Protein chains: 2
Amino acid sequence: MTAAATALLELALRPQRRMLRQGEAVFRTGEPFTCLHIIHSGFFKLLHFGASGRQQLIGLHFKGDWLGFDGIARGDHGCDAVAMDTGEVWSVRYDHLLQVCVERPQVMTLLHTEMSREMAREREAVLSVCTLSTDARVAHFLRRWVDALEQRGLRTDSITLKLTRAEIGDYLGMTVESVSRALSRLARARLIEFAHKGRREVGIPDPAALSAFVHASSAPGPTLLQ
Amino acid sequence: MTAAATALLELALRPQRRMLRQGEAVFRTGEPFTCLHIIHSGFFKLLHFGASGRQQLIGLHFKGDWLGFDGIARGDHGCDAVAMDTGEVWSVRYDHLLQVCVERPQVMTLLHTEMSREMAREREAVLSVCTLSTDARVAHFLRRWVDALEQRGLRTDSITLKLTRAEIGDYLGMTVESVSRALSRLARARLIEFAHKGRREVGIPDPAALSAFVHASSAPGPTLLQ
DNA sequence: CGTATATTTGATATACATCAAAACGCGTGG
DNA sequence: CCACGCGTTTTGATGTATATCAAATATACG
């Protein structure tokens with residue numbers, strides 16, 4: 001979302017601001033849907049709880065993203081939205097939002113645009129899972145993370161994964177070990193670098209090279225990393 | 001969508017009706033976005049064209065579904081929407097739709113609900129691809145097809161797949177051979193039956209059993225089919 | 001009827017999961 | 001500060017589901 005869009009929202013909607021700390025939820029599975037939420041700062045994850053009790057990471061969201069669209073049709077939420085660090089969301093009652101949409105069509109088109117964008121992102125994610133190898137999936141994941149930071153004007157030379165390998169794994173449909181191995185291979189290929197302290201910090205010396213690798217992997221050809 | 005919703009749309013939007021025959025496109029990748037389309041009858045598929053030229057099936061849509069949401073944010077279409085048999089779509093210029101939304105908030109909420117529903121479906125598809133075995137994915141695919149027919153009041157005892165095995169395969173992220181084998185195994189387990197003529201007709205003697213199989217597969221446990 | 005295309009089935013290869021264990025980091029309490 | 005325990009990450013050995021390769025059969029279509 002642009003700065004102008006943000007200003008419009010603040011002015012037109014008078015959203016309720018809410019700070020959340022690491023682990024706190026914006027909403028939880030099964031809660032009745034009343035509000036949409038716009039991320040003002042921080043990182044948020046979406047968790048789905050399967051019949052088998054297994055929890056699974058199904059989405060990552062950053063500043064500017066909206067949360068809660070899934071509730072509109074169902075009337076309640078189909079997943080948890082949890083803060084990955086300290087962050088702030090702006091919450092708007094959906095019934096109020098509808099009123100404002102009528103008064104200010106700009107707000108309506110903004111809402112549609114955000115929903116549409118979200119759908120496109122989701123689609124890209126499906127394609128990635130369906131078509132890419134584990135290495136390429138992890139590379140793609142990192143590339144998208146860098147993109148997200150870039151778009152928001154944050155540093156991208158070194159990024160801090162706010163997820164465990166296990167979470168990355170079930171987001172990408174693979175095991176902890178496969179994630180770890182993929183990262184090791186990417187590091188060996190100099191596509192990423194582990195910072196000196198801890199292996200949760202990942203340096204991306206050349207984002208373009210990472211993109212190139214993802215693309216090369218989607219085309220048929222020889223295996224590239226070992 | 002309910003019948004009431006359909007009537008509302010027809011009355012409020014005066015959509016342009018358009019018949020399409022097998023293979024004709026509602027819109028194509030790259031075309032500028034101007035309209036949203038509501039399927040009045042027939043079956044439609046969404047095709048994505050990758051960098052490698054490879055085309056991939058990324059969505060299936062039926063009566064009542066809307067087409068074209070992806071264009072709102074981008075300004076053009078990111079995929080082709082193609083008729084799988086003879087069908088009719090009702091097309092509405094997006095700019096006109098916005099006007100009507102302001103005049104009749106009911107239409108606006110209807111639009112939001114459809115977008116939200118579409119997002120939920122997409123999410124379910126991702127989870128399916130990420131977590132299920134090939135057999136279960138195919139079973140799940142069939143089950144969803146039956147659901148779609150059921151919701152629209154059509155016969156579900158025997159369904160006609162309007163897709164080649166190859167298309168089913170790349171929709172589900174697997175190869176032709178795996179689809180074929182999965183279908184054979186499901187048939188051997190009596191979860192499906194091939195009709196006497198041609199193997200494009202599939203009988204579903206017991207939809208509930210199919211669902212049960214999908215659920216059983218998502219839980220950890222012994223392999224079930226051979 | 002004959003050719004092209006779709007489907008099935010079999011044999012083999014391989015990417016990834018699973019199982020197992022070691023190394024590392026991190027907080028807690030002595 | 002160090003020792004201990006616990007969770008995370010890495011790495012290795014092995015198993016298996018699915019892709020790949022190849023060929024036979026079935027179906028559609030001119």
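Letters A, B, ... are given to chains in the order of the sequence lines, protein chains preceding strands, and every chain is numbered from 1. Not measured: the values here are computed from a predicted model.
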Phosphate-side-chain proximity, B/T175 and D/dA19, N/O vs OP1/OP2 below 4.0 Å: yes

Gap separating the CD atom of B/E88 from the NZ atom of B/K63, nearest 0.5 angstrom: 10.5 Å

Interatomic distance, A/L172 CG vs C/dA17 C1' [rounded to whole Å]: 15 Å

Proximal nucleotide (of C/dA17, D/dT18, D/dA19) relative to the B/M174 side chain: D/dA19

Within residues 163-171 of chain A, residues whose heavy atoms come under 4.0 Å of DNA chain D: A/T164, A/R165

Side-chain N or O of A/S184 closer than 4.0 Å to phosphate OP1/OP2 of D/dT11: yes

Exam field: side chain A/R137 to backbone A/M174, donor-acceptor pair closer than 3.5 Å: no

Sugar-phosphate only, base, or nothing, as touched by A/T134 at under 4.0 Å among non-hydrogen atoms: sugar-phosphate

Between C/dA17 (C1') and B/L132 (CG): distance, integer Å: 16 Å

Nearest non-hydrogen partners of B/F69 and A/S116, listed with the distance: O-OG, 2.7 Å

Base versus backbone protein contacts along nucleotides 24-30 of chain D [heavy-atom cut-off under 4.0 Å; B, S, -]: ---S---

5′-ward residue of the pair A/S178/B/S178 relative to DNA chain C: B/S178

A/H37 ring center near A/F27 ring center (under 6.0 Å): yes

Between CD on residue B/E24 and OG1 on residue B/T86, distance to nearest 0.5 Å: 8.5 Å

A/K45, A/R152, A/R117 screened by salt bridge (Lys or Arg N to Asp or Glu O under 4.0 Å) with A/D65, the one that passes: A/R152

Basic-acidic side-chain contact under 4.0 Å: A/E122, B/R121: no

Donor-acceptor pair, side chain of B/D80 and main chain of B/T29, under 3.5 angstrom: yes

Protein-nucleic acid N or O pairs under 3.5 Å, nucleotides 12-15 of chain D:
| unit_1 | atom_1 | unit_2 | atom_2 | d |
| --- | --- | --- | --- | --- |
| D/dG12 | N7 | A/R181 | NH1 | 2.9 |
| D/dG12 | O6 | A/R181 | NH2 | 3.1 |
| D/dA13 | N6 | A/R181 | NH2 | 3.4 |

Whole angstrom value for the distance that separates C1' of D/dT8 from CD of A/E201: 16 Å

Backbone N/O of B/G30 and side chain of B/R74: donor-acceptor pair under 3.5 Å: no

B/S211 and B/R143 side chains, donor-acceptor separation under 3.5 Å: yes

Donor-acceptor under 3.5 Å (B/E167 side chain, B/T164 main chain): yes

